[in-house]
Amino acid sequence: MKNQLIKYQFPFQKLPNILKLSFLTLLAFAITFLLNADPALAQQSANTQGFNPQEWLRNALQWIESLGAVGAIAFIALYIIATVAFLPGSILTLGAGVVFGVVWGSVYVFIGATLGATAAFLVGRYLARGWVAKKIADHKKFAAIDRAVGTEGFKIVLLTRLSPVFPFNLLNYAFGITGVSLKDYFIGSVGMIPGTIMYVYIGSLAGNLAMIGTETQPTNPTVQWAIRILGFIATVAVTIYVTRVARKALEQEVHG
């Protein structure tokens with residue numbers, strides 16, 4: 001029995017040091033998020049030089065609310081711009097619950113987030129991918145990992161989208177400089193659906209845009225823990241999966 005248990009253990013001790021460090025860092029980050037993060041305040045940005053992006057987006061939402069039917073188009077456009085510009089999408093996601101309700105708010109957020117993420121991905125790919133490719137061309141191990149990640153792109157994108165631990169805006173550009181195909185990246189965006197629905201629902205509880213992203217915003221502890229648990233599972237899964245893919249790529253490069 002002991003031998004059988006050893007047989008199925010994850011071969012962590014055989015991994016390169018850099019992969020071990022990456023694994024432990026992400027795992028620690030996930031545990032910290034699970035214990036301390038407040039989903040209703042996720043992805044918030046600090047004020048910079050007097051500019052308060054949260055307040056600006058909150059005002060934009062109030063304007064969108066006054067537009068009526070056209071507001072949906074304006075909201076999607078705003079979400080795309082915010083995603084590319086690294087503005088806090090959590091305010092828009094929560095606000096969608098107030099302005100449009102849970103169902104339509106989730107639909108509009110998913111469309112805006114997917115299109116915005118794709119735009120950022122393309123910016124990262126065409127402005128930086130060529131440079132990255134040249135840099136790793138002489139490093140066969142890095143190139144092998146890049147190709148392996150590209151081959152398994154859909155699964156990796158899907159798992160990272162399920163986890164709120166990975167910063168949404170930064171991840172969009174980061175995937176652009178990997179070998180992940182646009183098709184896999186775009187389809188993998190379906191991983192945002194569970195989190196989108198839960199965040200929009202939390203936002204809908206506020207009933208007032210002025211309360212969005214504040215300490216007085218109503219919330220639902222059950223939904224909060226659902227987000228945390230889902231994020232933790234997805235974070236561990238993507239960390240193990242990427243580590244295995246990278247290890248396999250390195251082994252093939254060494255023995256190939």
Side-chain angles (χ1 to χ4, degrees), residues 10 19 22-44 79 82-83 88-94 96-97 102-103 105-121 124 148-176 178-203 219-246:
F10 180 69
L19 295 182
S22 300
F23 179 88
L24 293 174
T25 300
L26 286 172
L27 186 59
F29 192 11
I31 293 173
T32 302
F33 176 85
L34 176 66
L35 296 177
N36 300 307
D38 183 353
L41 303 177
Q43 298 178 353
Q44 289 187 4
Y79 211 110
T83 301
S90 61
I91 296 297
L92 294 177
T93 303
L94 295 167
V102 177
V103 176
S106 298
V107 171
Y108 298 148
V109 167
F110 178 70
I111 294 174
T114 301
L115 294 178
T118 302
F121 174 87
V149 170
T151 303
E152 302 296 330
F154 170 73
K155 295 177 183 177
I156 294 173
V157 173
L158 181 67
L159 289 172
T160 53
R161 289 311 192 196
L162 285 169
S163 172
V165 169
F166 297 96
F168 174 70
N169 289 341
L170 180 60
L171 200 62
N172 298 327
Y173 287 95
F175 272 124
T178 69
V180 175
S181 70
L182 176 60
K183 177 183 176 182
D184 285 344
Y185 178 79
F186 186 81
I187 299 176
S189 295
V190 298
M192 294 189 289
I193 293 177
T196 294
I197 295 173
M198 287 188 281
Y199 277 112
V200 172
Y201 168 70
I202 289 177
T219 187
N220 185 317
T222 302
V223 175
Q224 284 185 330
W225 277 104
I227 293 174
R228 289 169 176 170
I229 293 172
L230 177 63
F232 177 76
I233 294 173
T235 301
V236 173
V238 73
T239 303
I240 293 175
Y241 188 72
V242 171
T243 301
R244 286 180 175 176
V245 169

Distance-minimising heavy-atom pair for Asp184 and Gly153: CB-C, 4.1 Å
Check Thr178, Asn172, Thr118 against Tyr185 for a side chain to side chain donor-acceptor pair (under 3.5 Å) and give me the one that passes. Asn172
Steps toward side-chain contact (heavy atoms from CB on, under 4.5 Å) verdict (Asn169, Thr83): CA-CA 6 Å; Asn169 289 341; Thr83 301; 3.8 Å; yes
Does one side chain, of Tyr201 or Ser106, offer a donor that lies under 3.5 Å from an acceptor on the other? no
Please report the interatomic distance CD1(Ile193) to CG(Leu162), rounded to the nearest 0.5 Å. 9.5 Å
Does Tyr108 reach the main-chain N or O of Tyr79 with its side chain, forming a donor-acceptor pair under 3.5 Å? no
Can you name the nearest heavy-atom pair linking Tyr199 to Leu94, along with the distance? O-CD2, 3.3 Å
Interatomic distance, CG@Leu159 vs CZ@Phe154, rounded to 0.5 Å, equals 9.0 Å
Which atom names give the shortest non-hydrogen contact between Phe168 and Ala117, and what distance separates them? CZ-CB, 4.0 Å
Atom CG of Leu158 and atom CD of Glu152: how far apart are they, to the nearest 0.5 Å? 12.5 Å
Could you tell me if the side chain of Met198 sits less than 4.5 Å from the side chain of Ile202, heavy atoms only? no
Could you tell me whether a side-chain N or O of Thr114 sits under 3.5 Å from a main-chain N or O of Ile111, the two making a donor and an acceptor? no
Smallest heavy-atom separation, Pro194 atom then Gly191 atom, equals CD-O, 3.4 Å
Would you find a donor on one side and an acceptor on the other, under 3.5 Å apart, between the side chain of Ser163 and the backbone of Thr160? no
Leu171 vs Arg161, side-chain contact (heavy atoms from CB on, under 4.5 Å): CA-CA, chis, key distance, verdict: CA-CA 9 Å; Leu171 200 62; Arg161 289 311 192 196; 3.9 Å; yes
To the nearest 0.5 Å, how far apart are CZ in Phe175 and CG in Leu182? 13.0 Å
Which atom names give the shortest non-hydrogen contact between Val200 and Thr93, and what distance separates them? CG2-O, 3.6 Å
